[in-house]
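Right, one structure below, let's go through it.
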Amino acid sequence: MTETNEQNNEQRLDFIRQIVANDIKNEIWDERVHTRFPPEPNGRLHIGHAKAFCLNFGIAEEFNGKCNLRFDDTNPVKEEQEHVDAITEDVKWMGWDWEDRLYFASDYFGQMYDWAVQLINDGKAYVCDLTAEETRKYRGMLKESGRNSPYRDRSVAENLDLFDRMKNGEFPDGTKTLKAKIDMASPNINMRDPVMYRILHAHHHRAGDDWCVYPMYDWAHGLEDSIEGITHSLCSLEFENHRPLYDWFLDALGIYHPRQYEFARLNLTYTMMSKRKLSQLIEDGLVSSWDDPRLPTLSGLRRRGFSPESIRTFCKTIGVNKFNSTIDYALLEHCLRDHLNATSPRVMAVLNPLKVVITNYPDGQTDELDAINNPNDESAGTRIVPFSKELYIERDDFMEDPPRKFFRLAPGREVRLRYAYFITCTDVIKDENGEIAELHCTYDPETRGGDAPDGRRVKATMHWVSAKHARDAEIRLYDHLFTKENPEDVEDGQDFTANLNPDSLKVLTGCKIEPSVKNTKPLDRFQFERIGYFCTDTDSTPDKLIFNRTVGLRDTWAKVQKQQQDQKKQKQQKKKNNR
RNA sequence: UACCCGGUGGUGUAAUUGGCAACACUCGAGUUUUUGAUACUCGCAUUUCAGGUUCAAGUCCUGGCCGGGUAACCA
């Protein structure tokens, strides 16, 4: 049953993979599959980009093809080398390999220019002197057709001369463009004599000052695909209306013609992918940087402790489609926990320490106990955890007056300390404010390792650390950046920042962690038993340990508590109503 | 109604292309457990609507309804 399901799963192809499979079957491209991921180097990659490049690289891998990494750097004023480096690192981190096929659109500027000259010679392109604003007016509106530019019928010779002089920098920015001569009455606005080149006296991060004209996306993109021999050019839905233009340029030139297919971008609850808004958050200091662990950027997710494997599983699971949808953040968390559960070494850490003194344990003695590193992976082995008279437990694991269903420590109650002993709480020591300062407990030496020879059972197993052996740590607890599933869901006059979650970051200091982690390096991943998955922060040093909470463990006790509270509220409400 | 695209549980994706609506997540109810984790079991839809074709429609046809995209010298 399971086997057939898995087989079915493998056979299930999304609509793009179906097209690719059919093309192979019908020998459309000589059984060749060649995709590309074409980021613009003007910002960082986020998980939405991961969906796109996992699709492109994934298809190449599955169909025995190739996928290029290509920087679409046609706009010199917005692009920087720094982004190229960051993007390259992110794609590599995600486990994809473009081998020697790292390309830049700017490397094709010469060829593109020659092709533009060809179009001019064919009477299919002309130099236009309309300003940007005039161009917009001539283009017309959605429901009405445009008008021909007065410069539309210049002679080939004049166009050639003007275009050459544009290239040579003889004209100021914005004074002239090269346009394709298509159809100003087309119902598709993209076909109303689109701009191919604009004049930009700008320094390009790779091409330097060689060019004074730069190609527009619609003109450039198909040419890039054509030069690289791309078979399936995948892009997002908003380019659907551009496909006729993509096809028109390639047909007009009579060159190798890849096919463009569009798919929906990723949307996720409780976050957003807008490049502009992400950089706004950074610029306004609402998050720290591109790799702030609350951001859906790949560098942020990496610093948060996400594994590339979990992101890839997620991208595979969400599928590909042609309509907008919003994926539940819980699905991402599921993929994350699933992988982390299988791979993370377990460690004991106390976030909110409460001191416990084992009154019948000898002073100065240390016990070395064996602990399993990963119950799901025997090869992960075991480690030694020290035990002594003074310990820390989690403050939440003790209640002086426990409600129903609270299984943990309480006065007179016996619980198990994981891998150690059964302990029983005998005294609650309070400070002058009445706050619980420490607990006195006794232990049962017979229960070493956590089993009672007499077979008696306890309801709870708790994590702990030995006070004198523990390391101090700072722990950063992260939560959703926004309080609403849709951050854009705001009242009139507000913007998405109104939905920022004030509790998206809580910094805990004075946390206690077992000594086995003392040599941890940035980005090491752990499960802190009974709490969640954590990752060593990039700011962490051996002298100052810092951990980020990647994601908590599922917490049924929290749910029970919430239910109990809700029931209480309801009862109080009923009483009020009855009065 | 300018053009283009789309509509299957709460969410996301399937349905061998006309043949018993499946899988995952979430949520709920349980079992197991030295992590209240994991694992496991069970439960949650008449496929946007109305007609039509057909032995048979999520799938094909017609019409409606609803949603998204498009008017940068951005990509």
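Chain letters run A, B, ... following the sequence lines, proteins first and then strands; every chain starts at 1.
Here A/Tyr214 lies out of heavy-atom contact (under 4.0 Å) with every strand. Here A/Asp14 lies in heavy-atom contact (under 4.0 Å) with sugar-phosphate atoms only. Within 4.0 Å of A/His242, counting heavy atoms only, lies at least one base atom of the nucleic acid. Counting any heavy atom pair closer than 4.0 Å across all strands shown, A/Arg276 reaches no nucleic acid atom. As judged by a 4.0 angstrom heavy-atom cut-off over every strand, A/Ala132 is placed among the base-contacting residues. Using a 4.0 Å heavy-atom cutoff across all strands shown, A/Glu262 reaches no nucleic acid atom at all. Counting any heavy atom pair closer than 4.0 Å across all strands shown, A/Arg346 reaches a base atom. Nucleic acid contact class of A/Ile327 (heavy atoms, under 4.0 Å, all strands): sugar-phosphate only. Among the heavy atoms of the strands lying under 4.0 Å from A/Arg416 is at least one base atom, whether or not backbone atoms are also near. At a threshold of 4.0 angstrom between heavy atoms, the contacts of A/Arg408 include nucleobase atoms, whether or not backbone atoms are also involved. Nucleic acid contact class of A/Leu331 (heavy atoms, under 4.0 Å, all strands): sugar-phosphate only. Within the nucleic acid shown, A/Gln18 comes within 4.0 Å of at least one base atom, counting heavy atoms only. Counting any heavy atom pair closer than 4.0 Å across all strands shown, A/Asp451 reaches a base atom. A/Glu240 comes within 4.0 angstrom of the backbone, heavy atoms only, and of no base.
Computed from coordinates, the A/Phe323 CZ to B/U8 P distance equals 6 Å when rounded to whole Å. Atom CG of A/Leu200 and atom P of B/C73 are 12 Å apart (whole Å). Atom CD in A/Glu394 sits about 15 Å away from atom C1' in B/A37, given to the nearest Å. Distance CD1 (A/Ile189) to P (B/U70): 11 Å, rounded to an integer number of Å. Distance CD1 (A/Ile372) to C1' (B/U38): 14 Å, rounded to an integer number of Å. Rounded to an integer number of Å, the gap from CZ of A/Phe15 to C1' of B/U8 is 17 Å.
Geometrically, A/Lys484 does not engage A/Tyr270 in a cation-pi contact, judged by NZ or CZ lying under 6.0 Å from the ring centre and within 45° of the ring axis.
The pair A/Asp107-A/Arg206 meets the salt-bridge criterion, with a side-chain N (NZ, NE, NH1 or NH2) lying under 4.0 Å from an Asp/Glu carboxylate O. Electrostatic pairing of A/Arg456 and A/Glu414 counts as a salt bridge here, judged by a charged N lying under 4.0 Å from a carboxylate O.
Classified by its glycosidic torsion, B/U16 falls in the anti category, the angle being over 90° from 0. For B/A56, the base adopts the anti conformation, since its glycosidic angle falls more than 90 degrees from zero.
Distances shorter than 4.0 Å separate some side-chain N or O of A/Arg139 from OP1 or OP2 on B/A72. In terms of phosphate contacts, A/Asn190 brings no side-chain nitrogen or oxygen within less than 4.0 Å of OP1 or OP2 of B/C3. The side chain of A/Arg265 contributes no N or O atom lying less than 4.0 Å from OP1 or OP2 of B/G69.
In this structure, a donor-acceptor pair under 3.5 Å is present between the side chains of A/Asp225 and A/Tyr246.
Each of A/Trp211, A/Phe109, A/Phe104 was compared with A/His204 under the ring-ring contact (aromatic ring centres under 6.0 Å, His included) criterion, and only A/Phe109 meets it.
B/U47 sits 4 Å from B/U8 when the C1' atoms are compared, rounded to a whole Å.
With the nearest nucleotide of RNA chain B identified for both A/Arg554 and A/Thr326, A/Thr326 has the one nearer the 5' end. Nearest-nucleotide positions on RNA chain B for A/Tyr533 and A/Met141 put A/Tyr533 closer to the 5' end.
Taking CD1 from A/Ile16 and OG1 from A/Thr35, the interatomic distance works out to 10.5 Å, rounded to the nearest 0.5 Å.
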